Number of protein chains: 2
Amino acid sequence: MATIYDVARQAQVSPATVSRVLNGRTTVDPVMAARVHQAMQDLDYRPNAVARNLRLSQTSLWAVIISDIGNPFFTSMVRGVEDVAQSAGYSVVLCNTDEDPEKESRYIAAVLAERMAGVIISTSGRSAVINRLLEARIPVVAIDRQLRGVTIDTVLVDNEHGAGLATTHLLDNGYQRVACITGPRRISTAAQRLRGYQRALRARGREATDALVRYADFREEGGYRAMASLLDSDNPPDSVFATNNLMTVGAVECLVDRGIRVPDEVGVVGFDDIPWAHLVRPSLSTVSQPTYDLGRAAAGLLTERIANPSRLPSTVMLSTGLQVRDSSTRPS
Amino acid sequence: MATIYDVARQAQVSPATVSRVLNGRTTVDPVMAARVHQAMQDLDYRPNAVARNLRLSQTSLWAVIISDIGNPFFTSMVRGVEDVAQSAGYSVVLCNTDEDPEKESRYIAAVLAERMAGVIISTSGRSAVINRLLEARIPVVAIDRQLRGVTIDTVLVDNEHGAGLATTHLLDNGYQRVACITGPRRISTAAQRLRGYQRALRARGREATDALVRYADFREEGGYRAMASLLDSDNPPDSVFATNNLMTVGAVECLVDRGIRVPDEVGVVGFDDIPWAHLVRPSLSTVSQPTYDLGRAAAGLLTERIANPSRLPSTVMLSTGLQVRDSSTRPS
DNA sequence: CTGTTAGCGCATTCAC
DNA sequence: GTGAATGCGCTAACAG
């Protein structure tokens, strides 16, 4: 493949001039520039980004590290990141960890080895993992999940508020025993949504008992099992708030399998939408969040941090809204 | 960040020896090797893949170019690719084109510039685009969609057969006027599934009329509009076969919106599953395909081609199966 | 405004 | 089995 030396020879200029034309930093005699362009075309010259990256000790790759590519929440988010990345001249390397620390570790190693320009991460994220990146001075933005023990740029939604909306809505519709299926304790999102649920109960003078709380894994099967466990308990709930989309699906499956009618017997509200939610019967009431914008915001923060590494970390919080559909409203 | 020179100095050996230890190609005195390892640890040495790539003129990045990251079909496929890539020591750069030729072009440019190790592609793929890659001797595998005008490694499913299964199944269930909503003409998948539909009709002595065929865009809205167009036609169908998952969803939405009962008034079979298909009412009958394995197979082909570039291109065809659920069976 | 030169970090000759 | 030297392709001084 042709190099700038080949182009330089062909255009009868120096390699430096070719480089200048290529990057447009300094001004070059139009005649020479034209010759260079012609030569590049003749030789089908393709700039070698690897060499360029080595020389500049910086790359144009971002890593987006997420825990479940099968969750539409993350794909939508990634799309937001990607659109911004593209227009800022970056490419996105998608890293799916499946919540597996070893996979995560391998990806971090790749980020370090490839000297990637930045990372957007949403995993369980022990801060030890993140520290490896920060020590290497690689810009990092946390998305959807807050990281403990480190202060970095973060993009979140208003989890507590959203969870409160969902819970209050169920109470407003006459449900008495509202349960909560939340995610792993160590994940901020799970904790915040649980807290929002608890606060909403207390605000209505209800007791927030642990008997109505289940911790699952943010996945469909986990939601199913948690719902089953609630139904099998001494005092089953008459409604449930599930703190992510897949667990909501799992919970509803469980209800369907047992022939329990939604919303008549048990009301359901989930956090985050699923695709074709309107085709599901009953259609699911959810706390919707701006997934795509979440990605865009994170990409924006990353861009700013790359431009200005010493800038103080900031947190962006986007808002959520309640989407009332059929699964949570019963004729009173 | 530490380089092999720093490590060499610390371990009191030459940089060449550090490089040897790093790559384990040649044998090194165990004592020295131990010193090197110690030094690497002390300095928290991270190999610089960029420099390595430049030196070797090869990278460990694969590009996976797909047209819609929002389609679970592709994400599942990507996951298959990724798992194989990981274990073969490659990372995956996900490139979402949204069927936009310009985005596609930018990604191809990035592939070329970054000298990526290989490409797995599933887009409209004018062969001109692919030729840029082939000319640069970058290994390419086509997935899901066949490329015209070039002979390269390809992974497909048995589209015609699957479409035949779906169509025959509808006829077997007493539907008389089976329509087909297929994808863009230029995409092989759309053409093959349409052909399978037509053949199945003829095999049953039916006429395969264009009046019952609609070309859409493989997306939800397209499916919706196509269904509407069919229903508004002079001779509306009593059943429909949609050639991908999202268009199936769109078609069903249209039917629901119009209060048309599925499967009683109109039967529906789709190609490819959607997540939580069982929660959708009525549950959707589909031609299921091994999406994850499709990705794995493509990754396998890519690995082989990288190892042996002169190897003859091969085509892998995986099979499909009919999943009968509620949307296509009516009491006769 | 242009050309010469050096070096980014590494793997690989080639002598020893 | 080991070390010195070279170059992968590019950009950024610097000198002209």
Side-chain angles (χ1 to χ4, degrees), chain A residues 1-37 39-40 43-61 89 109-117 136-137, chain B residues 1-37 39-40 43-61 89 109-117 136-137:
Chain A
M1 233 185 242
T3 72
I4 54 170
Y5 285 89
D6 301 323
V7 175
R9 199 177 317 119
Q10 174 97 355
Q12 302 182 35
V13 297
S14 77
T17 299
V18 177
S19 175
R20 286 181 187 115
V21 171
L22 214 50
N23 299 293
R25 297 295 302 160
T26 59
T27 166
V28 176
D29 184 292
V31 180
M32 287 187 131
R35 286 219 307 272
V36 169
H37 279 121
M40 294 200 299
L43 297 172
D44 193 30
Y45 169 75
R46 308 275 173 197
N48 184 328
V50 180
R52 180 167 207 275
N53 292 340
L54 176 60
R55 180 59 233 246
L56 299 177
S57 4
Q58 61 170 35
T59 66
S60 58
L61 250 35
V111 167
L112 257 19
E114 300 282 351
R115 303 298 197 265
M116 294 194 191
R137 304 193 160 282
Chain B
M1 234 188 245
T3 73
I4 54 168
Y5 286 89
D6 302 322
V7 175
R9 198 176 319 119
Q10 173 98 355
Q12 303 184 31
V13 299
S14 77
T17 299
V18 176
S19 176
R20 286 178 187 119
V21 171
L22 215 49
N23 298 293
R25 298 295 303 161
T26 59
T27 167
V28 177
D29 183 291
V31 180
M32 288 186 130
R35 284 218 308 272
V36 169
H37 279 121
M40 294 200 301
L43 298 172
D44 192 31
Y45 169 75
R46 309 274 173 196
N48 184 328
V50 180
R52 182 169 207 274
N53 293 341
L54 176 59
R55 177 59 231 251
L56 299 177
S57 12
Q58 61 170 35
T59 68
S60 58
L61 249 36
V111 168
L112 256 21
E114 299 282 351
R115 305 297 197 262
M116 296 195 191
R137 304 192 161 282

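All values reported here derive from a predicted model rather than from experimental measurement. Naming: A, B, ... by sequence-line order, numbering from 1 per chain. Heavy-atom basis, side chains included; hydrogens, waters and symmetry copies ignored.
When the side-chain nitrogen and oxygen atoms of Tyr5(B) are compared with OP1 and OP2 of dA4(D), none of them lie within a distance under 4.0 Å.
When each of Ala51(A) and Gln12(B) is assigned the nucleotide of DNA chain D with its nearest heavy atom, Gln12(B) is the one assigned upstream, toward the 5' end. Mapping Asn23(A) and Asp29(B) onto DNA chain D via the closest heavy atom, the residue that lands nearer the 5' end is Asp29(B).
Among the protein residues, Thr26(A) comes within range of no part of the nucleic acid, since none of its heavy atoms lies under 4.0 Å from any strand. Here Thr17(A) lies in heavy-atom contact (under 4.0 Å) with sugar-phosphate atoms only. Pro15(B) comes within 4.0 angstrom of nothing in the nucleic acid, heavy atoms only. Among the protein residues, Ser19(A) comes within range of the nucleic acid bases, having at least one heavy atom under 4.0 Å from a base atom. Using a 4.0 Å heavy-atom criterion, one finds that Val28(A) contacts the sugar-phosphate atoms exclusively. Looking at heavy-atom distances under 4.0 Å, Leu54(B) makes contact with a base.
Residues Ser60(A) and Gly89(A) share a closest heavy-atom pair of CB-O, 3.7 Å. Heavy-atom minimum distance, Tyr45(A) versus Thr3(A): CE1-C, 3.6 Å. Among all heavy-atom pairs drawn from Leu54(B) and Val50(A), the shortest one is N-CG1, 3.5 Å. Summarising the geometry of Ala39(A) relative to Gln10(A), their closest heavy-atom pair is CB-CG, 3.4 Å, with the distance given to 0.1 Å.
Rounded to whole angstrom, the span from the CG atom of Leu56(A) across to the P atom of dG9(D) amounts to 16 Å. Spacing between atom CZ of Arg20(A) and atom P of dA12(D) amounts to 10 Å, rounded to whole angstrom units. Rounding to whole angstrom units, CZ of residue Arg115(B) and C1' of dC10(D) are separated by 11 Å. If you take OH of Tyr45(A) and C1' of dG9(D), they are 8 Å apart, rounded to a whole angstrom. The distance from atom CG of Asp6(A) to atom C1' of dC8(D) is 13 Å, rounded to the nearest whole Å. Computed from coordinates, the Asn53(B) CG to dG9(D) C1' distance equals 13 Å when rounded to whole Å.
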Discussion item. Please evaluate residues Leu43(B) and Val7(B) with respect to the criterion side chain to side chain contact (heavy atoms under 4.5 Å, CB included), reporting the C-alpha separation (whole Å), side-chain torsions for both, the decisive distance (0.1 Å), and the verdict.
Written reply: CA-CA 7 Å; Leu43(B) 298 172; Val7(B) 175; 4.1 Å; yes

Practice prompt. Could you walk me through whether Leu61(B) and Glu114(A) pass the side chain to side chain contact (heavy atoms under 4.5 Å, CB included) test, one step at a time?
Written response: CA-CA 10 Å; Leu61(B) 249 36; Glu114(A) 300 282 351; 4.3 Å; yes

Worksheet item: Where do Val18(B) and Tyr5(B) land on the side chain to side chain contact (heavy atoms under 4.5 Å, CB included) test, with the steps shown first?
Response: CA-CA 8 Å; Val18(B) 176; Tyr5(B) 286 89; over 6 Å; no

Discussion item. Between Arg52(B) and Asn23(B), does the side chain to side chain contact (heavy atoms under 4.5 Å, CB included) criterion hold? Intermediate values first, please.
Written reply: CA-CA 11 Å; Arg52(B) 182 169 207 274; Asn23(B) 298 293; 2.9 Å; yes

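A nucleotide of DNA chain C counts as in contact with chain B when one of its atoms lies under 4.0 Å from a heavy atom; the first and last such, 5' to 3', are dG9(C) to dT13(C).
Listed for the Arg35(A) side chain is a donor-acceptor partner under 3.5 Å among the backbone atoms of Gln12(A). A donor-acceptor pair is defined here as one N or O able to donate and one able to accept, closer than 3.5 Å; no such pair exists between the side chain of Thr59(A) and the backbone of Asn53(A).
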Discussion item. Output the pairing pattern of DNA chain C as a dot-bracket string, 5' first, Watson-Crick or G-U wobble with both distances under 3.5 Å, | for cross-strand pairs, [ ] for crossing pairs.
Written reply: ||||||||||||||||

